[in-house]
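Reviewing the structure listed below.
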Amino acid sequence: MYYSVSGFLNQRLLTGRGTLLSPTIPVGSIVISLCGLTVLAAESAVPSRAHQPPRVAEDCPRWKEPRIHVPLSRLRCEGRPVKTRVSRVACPQAGGAAGWRRDGAARPAHLARAAGGSGGSRLWGAAAGLRGRRLRGGQLPAGRAGPGRAEGAAPPGAGRRPRMAAAAAASPSRELTQNPLQKTWEPYDNGLPAGHSAQRGVCMTNCPTLIVMVGLPARGKTYISKKLTRYLNWIGVPTKEFNVGQYRRDLVKKYKSFEFFLPDNEEGLKIRKQCALAALNDVRQYLSEENGHVAVFDATNTTRERRETIYKFGEENGYKQVKLGSPDYVDCSNDEATEDFMKRIECYKNSYETLDETLDKDLSYIKIMDVGRSYLVNRVMDHIQSRIVYYLMNIHVTPRSIYLCRHGESELNLKGRIGGDPGLSVRGKEFAKSLAQFINEQNIKDLKVWTSQMKRTIQTAEALGVPYEQWKVLNEIDAGVCEEMTYEEIQENYPLEFALRDQDKYRYRYPKGESYEDLVQRLEPVIMELERQENVLVICHQAVMRCLLAYFLDKPAEQLPYLKCPLHTVLKLTPVAYGCKVESIFLNVEAVNTHRDKPENVGVDRSREEALRTVPNHL
Amino acid sequence: MWGRRRPQGRHRRDFISPEPAFLLESEFPGTNVGRRGRWTRKLCMTNCPTLIVMVGLPARGKTYISKKLTRYLNWIGVPTKEFNVGQYRRDLVKKYKSFEFFLPDNEEGLKIRKQCALAALNDVRQYLSEENGHVAVFDATNTTRERRETIYKFGEENGYKTFFVESVCVDPEVIAANIVQVKLGSPDYVDCSNDEATEDFMKRIECYKNSYETLDETLDKDLSYIKIMDVGRSYLVNRVMDHIQSRIVYYLMNIHVTPRSIYLCRHGESELNLKGRIGGDPGLSVRGKEFAKSLAQFINEQNIKDLKVWTSQMKRTIQTAEALGVPYEQWKVLNEIDAGVCEEMTYEEIQENYPLEFALRDQDKYRYRYPKGESYEDLVQRLEPVIMELERQENVLVICHQAVMRCLLAYFLDKPAEQLPYLKCPLHTVLKLTPVAYGCKVESIFLNVEAVNTHRDKPENVGVDRSREEALRTVPNHL
């Protein structure tokens, strides 16, 4: 048995974009990791691996490539550590016996033993006894892999051919194997992942989308770009923003005056064109080679000619395109727009051609008028475009604050138990009172209060004496079989599960429960409604609050499950410029600590002590 | 009207809603919701009812949109009713003669039409203000600005938010298709030949054309509206005011009219089906695998263009889809209802261990939530994105589960909440749904592979003190 490191890493290796510390890995390789950190062998990634037998390393007779030892931890891509997604694959020689098949009923501990002991001695995975094995999560540096796109190695040349199209007739040998991390059932063909099943994700087509902003300066293009990028990354669509202005600033270190933007300033024109081209080049790189799904091209793009150039660029590269226009909001803020800036706007105004209902009727676009008073939406093509349009129609720029906090300390918090539906402890009730006082003092206009449907958040909200609304989707992460257990009990009963969770906390799904990734999907309607609303206090739970906070602070998936959201502390989020200001207010009521940091050792064979080292104190 | 969140019995473990405002009138048993909490929640009914006003010439799909939107809103739990002024007219003037009735200078016609509009508006008021309706869809041409102003004022006086939905269509082919599809079957034209009917109807459209004033970007800039151009090529959306309007806009932007079929079926018979156990994540039985093969053959024979296949993330649906040999997508939200503490139990065991729960479930199966599990109501909320995506897609085969299939089916067939949990969705049977006119044609195809029956009807006695025998009377046979 071996692990195939799929998807993203392959792509990086194949394109040679990443700086590999070991130059010996040939281009066109899948890196196969075994026994934890070590990359052992390389396998050819061909579009339809089902038809072409993989090249096999020396342990299996069919492996011809030399083994290459590269610690995964030393892989670097653009200077950042590469995290890889590892999925289990049975060795082709092993027949069916070696697969990590697992019945829903099988206990993890039992599984670990079975997998370690069975499968035949020829298997290097089995021989290694799975010691030191680490499953690593597959975060992209620039976002996160959507649930639907992580599995299955992407073929090198084919680039973005829809993965699922590789389907052939069902082969009798296809069997279902449960992924131990995400608890999903994946078909395997002759011990290799068979390509044509996909977890439903946000971005189902493999055709990337290029979003082109259109509008005069100071119309909020960058605001929308950044916000949209943040949202799409959060829901699991790898998205990157390309701000041409930034390219210009990098190129021309010192900005002099608006004259740079005059239509007859030839040098200026040349530089600006150069920047646009550089940005487009990076767009291509990102979408075609770095597995990005959406690129947001943030520039004025005010002339039809320029837009046509971009459209052609997109067509040549097979991207679907959406244009976002935000023209002419009359009351653009004067205090910000200095005289120079206004002149700069003038430079564009003469040549400005807005998106036209007739002339541009074949383009996909949304035109946002007067900061969201009205919208013109044309030819929405697919799921992702429809989601983008819906999101843009729900955001607003009215100043407001969002208050996030957890319920008061609960009876189970005291005991160090997770989940359940307990009531508040004495101190928890005290916090509820302090919260009421705090909210009163803040004197917030039209504050809405939301809770989950769990007793502890409702008890907390009750103390406020104001109307509140209960959302089932705000309920705490479902820990499945681990509900109401202490970490010590989880380690005792499900040591393998506990280690897997530490290895990739974001993607790990509790048996019969949820993962943080599931939670983000569940919370999407909450984010949408938060965007629509003004002042809101959300009384929720640790994992839920982490997900919400990650959205507002644009935190990547690997950091999300470790965000610090202590009890009895209110976070006040106020949108400023392109981001969010955070104030953390501890309400001065003591509470237990419930934050468990990632332990150093996340291997499945770690000792009980190592596993429990970061567990916070409790009764 | 179903989906209204009225205080029911103790059995409602809580109240749920992704539309926060609608749960305000619900009660919260099981938790100590104080008097003040309840009172203030009622005060917080900022959610005034919504009046949706259709705008457009005849044969622009207004009624299609109205009916579809009404069905959707009811399904997601927003009590909605449609008021078709044409129907009022037909009720009043029993016999339709010809287009002359609609001529702008036909005074009697004008009078009758005005009368009908008023009667309809009256019923709208009745529904929204007294019968607890949340949304009323006012389906008439409303082609003049004057008429729209009257309606807007009517809404303002009664405290309704008014939202206009205009359908503009200039493509003669689309209009002709619409006339053939729905107008020729209209009671107005029972005694006419098709050509006569078409001719008369085209003249009827002409009657409106002269006075037609479309919703204007400048003149109507203060109204909330969506203008749908050429059956969804583009949309102009103005002043979306609240959550429900935003949902409506999103829905309208996702529906299409391309002919297609949706195939619904359950996974093949599972090992736990055989034992009469619910839930779990078992594999297929021998007969279940046989069904998967038959399904593959059936799908092949149907020769469906660009068929998409969706499964849940449970082993049994994936195993079924695997046999098809085509690409498929796994949706977590398609997973079977979570029976919480009752997972993998037989009905007999549930009766034994949780007799009270079992009775409560029989009393209101739609709203009943399993301890640590879900209710059908939860399921509908969870399935909303699936419905939205089904509306976007063309041919789709959904391989799902009994409760999930019931929810999906209820959406397409417009079944009320009390019938939903008892819809018959037997194993090894494919339902082919084809949209026709305003509804959906259903074909049920049994694939000729035997399977156990998993349908448990509502027993006569649903009292908490019933005997074990009474509770189990409707349990289907199993091993």
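The sequence lines fix the lettering, A, B, ..., with proteins before strands; numbering per chain opens at 1.
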Here the pair of heavy atoms bringing E344(B) nearest to K512(A) is OE2-NZ, 3.5 Å

When every non-hydrogen atom of Q330(B) is compared with those of W185(A), the smallest separation belongs to NE2-O, 2.9 Å

Give, as side chain, backbone, both or neither, the part of [X] having an atom under 4.5 angstrom from any heavy atom of chain B.
X       : result
M454(A) : neither
V526(A) : neither
R532(A) : side chain
D518(A) : side chain

Which of R509(A), Q182(A), K183(A) passes side chain to side chain donor-acceptor pair (under 3.5 Å) with Q313(B)? It is R509(A)

What's the separation between atom [atom1] in [X] and atom [atom2] in [Y], rounded to the nearest 0.5 Å?
X       : Y       : atom1 : atom2 : result
Y250(B) : M528(A) : OH    : CE    : 7.0 Å
R373(A) : D222(B) : CZ    : CG    : 8.0 Å
Q393(B) : D382(A) : CD    : CG    : 9.5 Å
R316(B) : L176(A) : CZ    : CG    : 13.0 Å
R522(A) : R382(B) : CZ    : CZ    : 11.5 Å

Next on the checklist: Side chains of Y365(A) and S234(B), heavy atoms from C-beta outward: is any pair under 4.5 Å?
Outcome noted: no

When you compare the side chain of K332(B) with that of E514(A), does any pair of heavy atoms fall below 4.5 Å? yes

Across all chains, not counting sequence neighbours, the side-chain hydrogen bond (donor to acceptor under 3.5 Å, both in side chains) partners of E476(A) are none

[X], part contacting chain A, at a heavy-atom distance under 4.5 Å:
X       : answer
V249(B) : side chain
M229(B) : side chain
K221(B) : both

